[in-house]
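Note sheet for the following structure.
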Amino acid sequence: MRSILIIDDDISVREGLAKHVHWRKLGLCVSGVANDGEQALQLIYENQPDIILTDIYMPKMDGLTLIEKISREFPAIHVVIHSGYNHFDNARKAIQYGVKHFFLKPSPVSEIEAVIQEVMQEMEAEEKQQSILKSYEEQHVHYLYYQKDTLIRHLLIDKSYWKQLSQEKLTMLDLTRDDRLAVSVLEINRPAYITRMQEQDWQLMKYSVGNILEESMVRFQKEYPLKAHLLDYSDSTFVIVTFLPENLSYLEKLTEELVKQMLANILYYLKVAIMFGVSLPKSSLKELPDAYKECLRVLEIAEEEEWNQLYYYKDIRDKTADDSYSYPFETVKAIHQSLTNKEFDELSETWTQFVEDVSNRRAFRLHLIQTIVVNIFSVMLMEDHATVPDSKPKEGQQALFEKIYQFTTAKELLSWMTMQIEQWVDSYKAILKGKKTSRLVIAVKEYVEEYYDQEITLTEIADSLYVNRNYLSQLFKKVTGESFVHYLNHYRINKAKKLLSEKRYMVYEISEMVGYQNSTYFSQVFKAITGRSPSEFF
């Protein structure tokens with residue numbers, strides 16, 4: 001409850017205000033009374049009130065002097081002046097200190113309460129405005145981070161993307177086209193095959209690595225003039241992009257120091273095998289994908305070396321070979337476009353050419369092929385979920401990704417992926433011809449049958465099936481002719497009717513047994529469906 005301090009040198013006024021105004025009804029309590037400004041100021045220091053109600057002419061320290069001090073030291077306190085008619089013009093001088101509310105004395109209680117009510121409403125409006133502003137600022141920070149994250153992801157795979165960037169967007173993200181930058185890629189040694197039980201531990205460990213990277217980056221930036229952005233880029237990699245407006249050599253020095261600290265911090269807290277690949281510093285945003293490719297090249301070579309080390313492109317840039325592999329950004333981009341646009345001939349042609357290129361390169365690393373396959377498979381699944389969710393592969397997303405990491409040769413993996421692409425194309429061709437399936441509806445009904453006695457929602461079911469909630473809702477109603485909620489309620493009530501017929505349980509027990517935590521609501525639903533209350537049914 002908010003508090004108010006009453007100040008007046010007339011004891012009858014003080015007592016009258018304290019006793020006759022309905023403060024509790026206004027949401028206030030009287031924290032104290034004072035007979036002059038000095039006494040009031042001491043009370044304010046001891047227990048800061050939300051509102052003060054003060055006279056102007058008082059001994060020792062008058063009201064205007066008190067208000068001036070409060071405006072400087074306690075700007076959050078709202079001031080209300082009550083003054084005699086002859087002194088009211090002088091009271092208006094308080095306006096310069098932010099005072100907005102006055103009333104003459106003597107005034108009826110109703111008038112006093114009306115003025116105080118205005119102050120309370122003003123305070124509530126200010127708090128709401130501050131809350132909205134704080135929420136906006138927090139959301140804006142997340143929005144800017146997401147936008148920068150998206151921008152950098154696009155630049156990593158599409159070298160021409162920087163041409164589409166407007167200066168306004170770059171300014172909003174605190175970037176320029178000529179920003180000096182460097183890229184570092186952290187690769188975690190993910191076992192070739194992880195069981196479902198081990199997957200949770202793996203994801204927890206990866207989450208911990210990300211947290212340590214973020215904390216290390218934040219601490220480093222407090223000491224040095226380096227801007228940095230962390231991307232959780234794939235299942236086993238993080239990308240760190242560091243920026244410095246000028247001085248490439250200083251950027252290189254700071255980047256190396258940052259990744260050294262990151263490596264040390266991770267190894268101090270976690271038992272994990274990792275390695276960093278660090279690019280050369282670059283002179284503009286346009287060169288970001290080149291820096292990323294340098295990191296991949298470093299890690300490709302370092303795969304034969306020790307883990308838990310830092311590897312720099314500057315140390316291997318002269319080690320060129322005819323059979324060296326460059327990440328096929330344009331090929332992957334073309335496959336993405338073919339998948340999105342459902343250009344099946346182009347997809348098959350591009351993939352076939354990629355497989356031939358892989359076959360002709362002896363130095364092709366399996367883990368890079370696995371990364372590419374996971375990348376492409378992720379796009380396929382996203383297209384399934386966004387366009388035709390009921391065409392999700394039967395094996396499930398996790399099982400498919402596990403299978404990708406089980407292959408020990410590039411030839412076997414590419415052969416399997418070729419078959420997956422062919423099946424994907426065939427399924428989409430069938431769908432585009434108008435064939436439909438109710439497999440998802442069956443899955444929903446099976447879910448209800450298994451979990452009807454628990455709190456379940458269609459959103460939870462959709463998430464478990466890796467489909468869009470709105471799509472699933474529309475599909476269910478189209479196939480069954482009823483909404484999901486209608487079906488769930490009828491299913492539960494039918495179960496309840498069987499339990500009631502056994503005459504072994506109380507109504508509230510049956511309510512919980514069929515998934516309703518509120519027995520009153522259960523009775524309402526039961527009567528709406530059957531026309532009778534549960535107690536009247538048998």
Side-chain angles (χ1 to χ4, degrees), residues 1-8 13-34 36-58 61-85 87-147 172:
M1 182 176 288
R2 302 185 194 277
S3 61
I4 185 168
L5 174 64
I6 299 172
I7 313 160
D8 198 293
V13 174
R14 294 197 304 270
E15 292 181 352
L17 289 171
K19 293 180 180 179
H20 299 300
V21 177
H22 299 86
W23 298 114
R24 188 167 295 276
K25 179 181 177 182
L26 293 168
L28 286 165
C29 66
V30 178
S31 63
V33 295
D36 60 60
E38 285 188 359
Q39 186 182 21
L41 194 59
Q42 184 61 38
L43 291 174
I44 292 171
Y45 283 133
E46 294 174 359
N47 187 17
Q48 182 179 330
D50 298 289
I51 303 172
I52 66 167
L53 177 59
T54 182
D55 193 6
I56 293 297
Y57 288 96
M58 298 179 294
M61 181 188 293
D62 61 41
L64 288 179
T65 303
L66 173 64
I67 293 168
E68 181 183 4
K69 288 181 177 293
I70 291 173
S71 68
R72 291 198 310 267
E73 299 183 40
F74 304 97
I77 294 179
H78 286 65
V79 178
V80 179
I81 291 177
H82 65 120
S83 180
Y85 179 78
H87 305 144
F88 198 66
D89 288 339
N90 292 331
R92 293 185 182 278
K93 294 178 182 177
I95 293 175
Q96 63 183 305
Y97 303 124
V99 178
K100 303 177 184 177
H101 301 279
F102 309 83
F103 61 83
L104 291 170
K105 61 179 181 180
S107 294
V109 171
S110 60
E111 182 179 332
I112 296 172
E113 292 180 348
V115 172
I116 298 300
Q117 186 66 45
E118 288 182 12
V119 177
M120 295 290 285
Q121 291 174 352
E122 183 179 296
M123 294 174 68
E124 290 176 3
E126 289 176 358
E127 289 181 354
K128 185 174 182 179
Q129 184 178 15
Q130 289 297 321
S131 176
I132 293 173
L133 180 60
K134 182 179 179 181
S135 176
Y136 167 77
E137 290 174 347
E138 292 174 350
Q139 292 178 14
H140 189 62
V141 170
H142 291 300
Y143 171 77
L144 291 179
Y145 186 90
Y146 171 77
Q147 288 294 319
M172 179 183 70

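Computation of the quantities below employed the complete heavy-atom set of this structure, encompassing side-chain atoms and omitting hydrogens, waters and symmetry-equivalent molecules. Source: prediction; values computed, not measured.
Atom CZ of Arg14 sits about 10.5 Å away from atom CG of Asp55, to the nearest 0.5 Å. Rounding to the nearest 0.5 angstrom, the gap separating the CD1 atom in Ile7 from the CG atom in Leu41 is 9.0 Å. Summarising the geometry, atom NZ belonging to Lys134 is positioned 12.5 Å from atom CD belonging to Glu127; distances are rounded to the nearest 0.5 Å. Atom CD1 of Ile52 sits about 6.0 Å away from atom CD1 of Ile67, to the nearest 0.5 Å. Taken from CZ in Phe103 to CG in Leu53, the straight-line distance is 4.5 Å, to the nearest 0.5 Å. The structure places OG1 of Thr54 at 11.0 Å from CD1 of Ile6, a figure rounded to the nearest 0.5 Å.
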Residues Asp8, His82; criterion side chain to side chain contact (heavy atoms under 4.5 Å, CB included); working and verdict: CA-CA 9 Å; Asp8 198 293; His82 65 120; 2.8 Å; yes
Verdict with supporting geometry, Glu122 and Glu126, side chain to side chain contact (heavy atoms under 4.5 Å, CB included): CA-CA 6 Å; Glu122 183 179 296; Glu126 289 176 358; 3.8 Å; yes
Worked verdict on Glu46 versus Leu43 for side chain to side chain contact (heavy atoms under 4.5 Å, CB included): CA-CA 5 Å; Glu46 294 174 359; Leu43 291 174; 4.0 Å; yes
Verdict with reasoning, Lys128 to Glu124, per salt bridge (Lys or Arg N to Asp or Glu O under 4.0 Å): CA-CA 6 Å; Lys128 185 174 182 179; Glu124 290 176 3; over 6 Å; no
Residue pair Glu73, Gln48: steps toward the side chain to side chain contact (heavy atoms under 4.5 Å, CB included) verdict: CA-CA 11 Å; Glu73 299 183 40; Gln48 182 179 330; over 6 Å; no
Donor-acceptor pairs under 3.5 Å, side chain of residues 15-32 to any protein atom, not counting sequence neighbours: which ones?
| residue | atom | partner | partner atom | Å |
| --- | --- | --- | --- | --- |
| His22 | ND1 | Glu113 | OE2 | 2.7 |
| Trp23 | NE1 | Leu17 | O | 2.9 |
| Ser31 | OG | Ile4 | O | 3.3 |

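Put simply, the side chain of His78 gets close to the backbone of Ala76: a donor and an acceptor are under 3.5 Å apart. A donor-acceptor pair is defined here as one N or O able to donate and one able to accept, closer than 3.5 Å; no such pair exists between the side chain of Asp62 and the backbone of Tyr57.
Within 6.0 Å of OH in Tyr143 there are 12 or fewer heavy atoms belonging to other residues, nucleotides or ligands.
Nearest heavy-atom pair across Asp50 and Ser3 is OD2-N, 2.9 Å.
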